[in-house]
Amino acid sequence: MIKEIEMRRSIRKYIDKPVENEKITEILESARLAPSGNNTQPWNYIVVKSKEMMQKIMEASHNQKWMLTAPVFIICIADVRCRIKEDISIDDNSPHVEVKRIIRDTAISVGYMLLQANNLGLGACWVAEFTQEEIRPVLNIPSDKYVVGVITVGYPNETPRPRPRKNLKDIVHYESW
């Protein structure tokens with residue numbers, strides 16, 4: 001598994017080739033199997049393939065035109081209803097601790113998706129350059145849901161070199177800071 005992790009890159013250029021539905025299903029299945037606190041499974045996903053909708057999502061993502069080279073977007077959404085039952089609206093400045101938990105849990109599922117895409121010979125990139133107010137209306141996402149990311153997926157048309165990583169000795173502490 002460490003080889004898969006070492007080889008994974010954020011891909012921002014894709015060839016003009018559709019992704020098979022079976023592969024999209026495998027990516028989504030890997031996300032579904034991710035762990036979550038108290039097994040709440042707060043995630044939902046929207047698969048987008050239409051050029052019209054992709055254009056709107058790209059515009060809401062601060063006009064990152066490279067996104068449009070991907071044949072598939074998977075929008076990853078955290079549902080606060082799994083932990084918060086009262087009616088709330090959440091945004092990028094939400095003070096609720098439970099919101100942070102559901103975002104963490106959904107982020108784990110996104111990591112699984114990125115690794116599975118790589119495993120299937122696909123490239124992917126996690127896009128998070130948007131605000132909730134920009135992205136939710138495009139996809140009719142209710143205000144009690146939080147968009148964690150837009151994942152672009154496709155066959156890569158680039159092979160980025162490895163990015164520098166810190167040494168373990170610089171980031172690992174034992175017993176305390």
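All values below come from the heavy atoms of this structure, side chains included, with hydrogens, waters and symmetry mates left out. Please read these numbers as outputs of a predicted model, since none were measured by experiment.
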For a quick check under 3.5 Å, do [X] and [Y] share a side-chain donor-acceptor pair by atom type?
X      : Y      : value
Thr131 : Glu134 : yes
Ser109 : Tyr45  : yes
Lys100 : Tyr146 : no

Over all atoms of both residues, closest heavy-atom pair of [X] and [Y]:
X      : Y      : value
Pro35  : Tyr112 : CD-OH, 3.3 Å
Phe130 : Val127 : CE2-O, 3.4 Å
Pro71  : Pro18  : CB-CA, 4.3 Å
Val80  : Asp144 : CG2-O, 2.9 Å
Arg12  : Glu158 : N-OE2, 2.5 Å

Worksheet item: Does a salt bridge link Glu29 with Arg32, judged by any charged N lying under 4.0 Å from a carboxylate O?
Response: yes
Should we count [atom1] of [X] as having more than 12 external heavy atoms under 6.0 Å?
X     : atom1 : value
Asp16 : CG    : no
Asn38 : CG    : no
Glu52 : CD    : no
Lys51 : NZ    : yes

Going by atom type alone, with no hydrogens or angles, which donor-acceptor pairs under 3.5 Å involve a side-chain atom of residues 114-126 and a protein atom two or more places apart or on another chain?
{"from": "Gln116", "atom 1": "NE2", "to": "Glu26", "atom 2": "OE1", "distance (Å)": "3.3"}
{"from": "Asn118", "atom 1": "ND2", "to": "Glu4", "atom 2": "OE1", "distance (Å)": "3.0"}
{"from": "Trp126", "atom 1": "NE1", "to": "Val148", "atom 2": "O", "distance (Å)": "3.3"}

Item to complete: Output the rest of the hydrophobic cluster of Met7: all Ile, Leu, Val, Met, Phe, Trp and Tyr residues reachable through side-chain heavy-atom contacts under 4.5 Å, sorted by chain and number.
Response: none
Worksheet, complete the sentence: Residues at least two apart in sequence or cross-chain that pass side-chain hydrogen bond (donor to acceptor under 3.5 Å, both in side chains) with Arg104, listed by chain then number, are none
